[in-house]
Structure formats: structure tokens, C-alpha cells
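Note on naming: letters A, B, ... go to the chains in the order of the sequence lines (proteins, then strands), and numbering restarts at 1 for each one.
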Number of protein chains: 2
Amino acid sequence: MKPLPQHEDPRCLPVRRLLQTVGSKWSVLVVSHLENEAKRFSELKRSIGGVTQKSLTATLRELERDGLVDRSVTPSIPPRVDYALTPLGRTLLGPLNALTGWAIENETAVAAARERFEKDNEAA
Amino acid sequence: MKPLPQHEDPRCLPVRRLLQTVGSKWSVLVVSHLENEAKRFSELKRSIGGVTQKSLTATLRELERDGLVDRSVTPSIPPRVDYALTPLGRTLLGPLNALTGWAIENETAVAAARERFEKDNEAA
DNA sequence: CTGGATCCCCTAGGATACTG
DNA sequence: CAGTATCCTAGGGGATCCAG
């Protein structure tokens, strides 16, 4: 994996790791789509939309690896795989919603800041 | 910039943007180092440690662009530039701390999950 | 249906050197 | 001091084909 430079404050290591997981393109979508119910792979893929199998698989593996998502295989034909949030994963929902809530509440403020920034740039 | 695929749920756009900003390698460090006091560029660079001028500049620009950080230039010789959190930036501290708090609290749980995952892998 | 294997592009981000 | 300019590389992530 990522070696994470050791000159970094060691207390920040878990933070950066989490942000790396959570900051990946699809993880938040996946988690939010699993908030209310367990879902199968293709269900998840359809309900999210626009994600590749590869990316979705990778995202799920990473979440599973960190103990946030549980993967249960039913070896039938055709095979069936269900994904669900673990208890640990559920505890992340609060902090995560705090952040996403902020993003939504301040969407217009951020957008305004961006416009100002762009304008000041072309002025220069 | 990043075009962000339009098949994505539009409500998630601000979320992904925030995560992209906050998920970049140094932004959280920068914000946390600005929590208590405004700092000059080289102060910031020294106190964070291990960050390149380029990366630090890029991070600060992005934060400034989103209206989270204020950049004030004092045209003297030598030049002096101070960075501080904006009021908007300060409102992000709460949600951000919620997330970093989670990361620290659950560091061992995540680490344990990782070990289990690795072990199950070599078992297969 | 679930996902592994490949190819390929593009961007984040490190190293280094230069400037007002 | 506070950047900009250039070069370079590892890795994320899309597309596509294949397999149990």
C-alpha cells in the first residue's frame, strides 16, 4: 500500500488513511447506499450508476478491508454476494453525515467563493 | 478542472468536491495547523514538515478558492503572506474533527480488521 | 451474476531549479 | 520570503474482454 511518509505527524496517520479511503471516488456513495439495507453487487451498481465493475469492486474491497463493510457470499448458481455495513461501519455514518451535511449546507457559499476567485484571476 | 461525470447523482456533487479538497494529502494538516492562529507560508511549511512548496501552495490555493482560507499579502521586502481560516473555514472544523476523532478512536479497530483481512488472504 | 485481468490515460504530487 | 516552472513517476480509475 501507500507507505505514507514518516516525516508526517504519526497522530495523523489514521486520519489520512481514513480520508484516503473515504475520499476515493465512490466510497461515500457506496456507504450511503448501504445505510438502510444490505444490497447485492449489481443492485449496488445499478442504484449508484456510472460506476465500473472494477471501481466498485475495488471500493468494496477497501471498505471490507477496513472493516466497514461486510461481504457475504452465497455460493449458488448464479452466485449471490451481499454487502452490508458492519457495526463499525455504522458508527462512521454520524461523522460522515456531519461532513456531507456541511457540504450541502454550504454549497452555495463555496460556489460563490469560487466565482469570486475566478473573477479575481481574470482580473489579474 | 475535473469534469465530474454527469451520470452521478447531482446532490452528491458538492460532497464529492469537498471530499476531493479535504481528501487531498495535506489539506487537513493545513487546516488543523491554522485552527489556533494565522501563519505565514514558511511557518506553515516548517510546522507541518515534509510538504513541498509546490504542494503546500496548491493546497492553500484550493482552500482559498473554496473560501475556507484567507490569504493576505503584505507587499514588503521581504514579502509577507499570512494565511488564516475564514469564518466559513471555521465552520468546517466541527465536522472535520468529528471525522478525525472517529479515525483516532477507531484506529485499533481498523488496524485489527486489516490484519484479519490480510490473514484471510494468505489463507486463500 | 460476480468479479478477475489488461490496457491506457490522466492527474496528484515529489524533486529540483529559478525569480521578484 | 514566497512562490512559479519543469520534469518525472506511481496510482486511480475508465473500458473492455474473459471466467467460474
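- For E62(B) and S42(A), each mapped to the nucleotide of DNA chain C holding its nearest heavy atom, the one lying further toward the 5' end belongs to S42(A).
- The CG-C1' distance, from L56(B) to dG3(D), rounds to 10 Å in whole Å.
- As rounded to whole Å, 10 Å separates atom C1' of dA12(C) from atom CD of Q20(B).
- Taking atom CD of E43(B) as the reference point, atom P of dG3(D) lies 13 Å away to the nearest angstrom.
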Self-check item: Per-nucleotide protein contact string for nucleotides 4-9 of chain C, where B marks a base within reach and S marks sugar-phosphate only (heavy atoms under 4.0 Å, - for neither)
Solution: B-BB--
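- Comparing dG14(C), dG13(C), dT2(C) by their nearest atom to the side chain of W26(B) picks out dG14(C).
- Shown here are the salt bridge (charged side-chain N to carboxylate O under 4.0 Å, His left out) partners of R61(B), two or more places apart in sequence or in another chain: there are none.
- Looking only at side-chain heavy atoms (C-beta outward), V69(A) and L85(A) come within less than 4.5 Å of each other.
- By the side chain to side chain contact (heavy atoms under 4.5 Å, CB included) test, V28(A) is found to be paired with V22(A), T100(A), V15(B), L19(B), residues two or more places apart in sequence or in another chain being considered.
- Looking at residues two or more places apart in sequence or on another chain, you find no side chain to side chain contact (heavy atoms under 4.5 Å, CB included) involving S42(A).
- Using a 4.5 Å heavy-atom threshold, the side chains of D120(A) and E115(A) count as separate.
- As rounded to whole Å, 10 Å separates atom P of dA2(D) from atom CG of L44(B).
- One atom, CG of L19(A), and another, P of dA12(C), lie 17 Å apart when rounded to the nearest Å.
- Applying the 4.0 Å criterion to OP1 and OP2 of dG13(C), one finds that T52(B) has every side-chain N and O outside that range.
- Taking the side chain to side chain contact (heavy atoms under 4.5 Å, CB included) definition, one finds that T52(B) meets it with S55(B), sequence neighbours left out.
- Among pairs with a residue in residues 66-75 of chain B, those fulfilling side chain to side chain donor-acceptor pair (under 3.5 Å) read R114(A)-D66(B), T21(B)-D66(B), R71(B)-Y83(B), at least two apart in sequence or across chains.
- Between the P atom of dG3(C) and the CD1 atom of I77(A) lies a distance of 15 Å, rounded to the nearest Å.
- Mapping D82(B) and S55(A) onto DNA chain D via the closest heavy atom, the residue that lands nearer the 5' end is D82(B).
- Contact check, R40(A) against dT2(C): a side-chain N or O comes under 4.0 Å of OP1 or OP2.
- For the pair W26(B) and L56(B), the minimum side-chain heavy-atom distance is 4.5 Å or more.
- Residue F41(A) contributes atom CZ, which lies 15 Å from atom C1' of dA19(D) at whole-angstrom precision.
- Each end of the helix from dC1(C)-dG20(D) to dG20(C)-dC1(D) gets its own axis, taken as the rotation carrying the C1' atoms of four end pairs onto the next four within a five-pair window, and the two axes meet at 40° to the nearest 10 degrees.
- Considering only the side chain of V81(A), dT2(C) comes nearest among dC1(D), dT2(C), dG14(C).
- Listed by first and then second residue, the salt bridge (charged side-chain N to carboxylate O under 4.0 Å, His left out) pairs that reach into residues 83-95 of chain A come to none, sequence neighbours excluded.
- Along DNA chain D, the nucleotide closest to G23(A) and the one closest to Y83(B) are compared, and the more 5′ of them pairs with Y83(B).
- The salt bridge (charged side-chain N to carboxylate O under 4.0 Å, His left out) check on R80(B) picks up D82(B), with sequence neighbours excluded.
- Contact annotation: K25(B) side-chain N/O to dG14(C) OP1/OP2 distance is under 4.0 Å.
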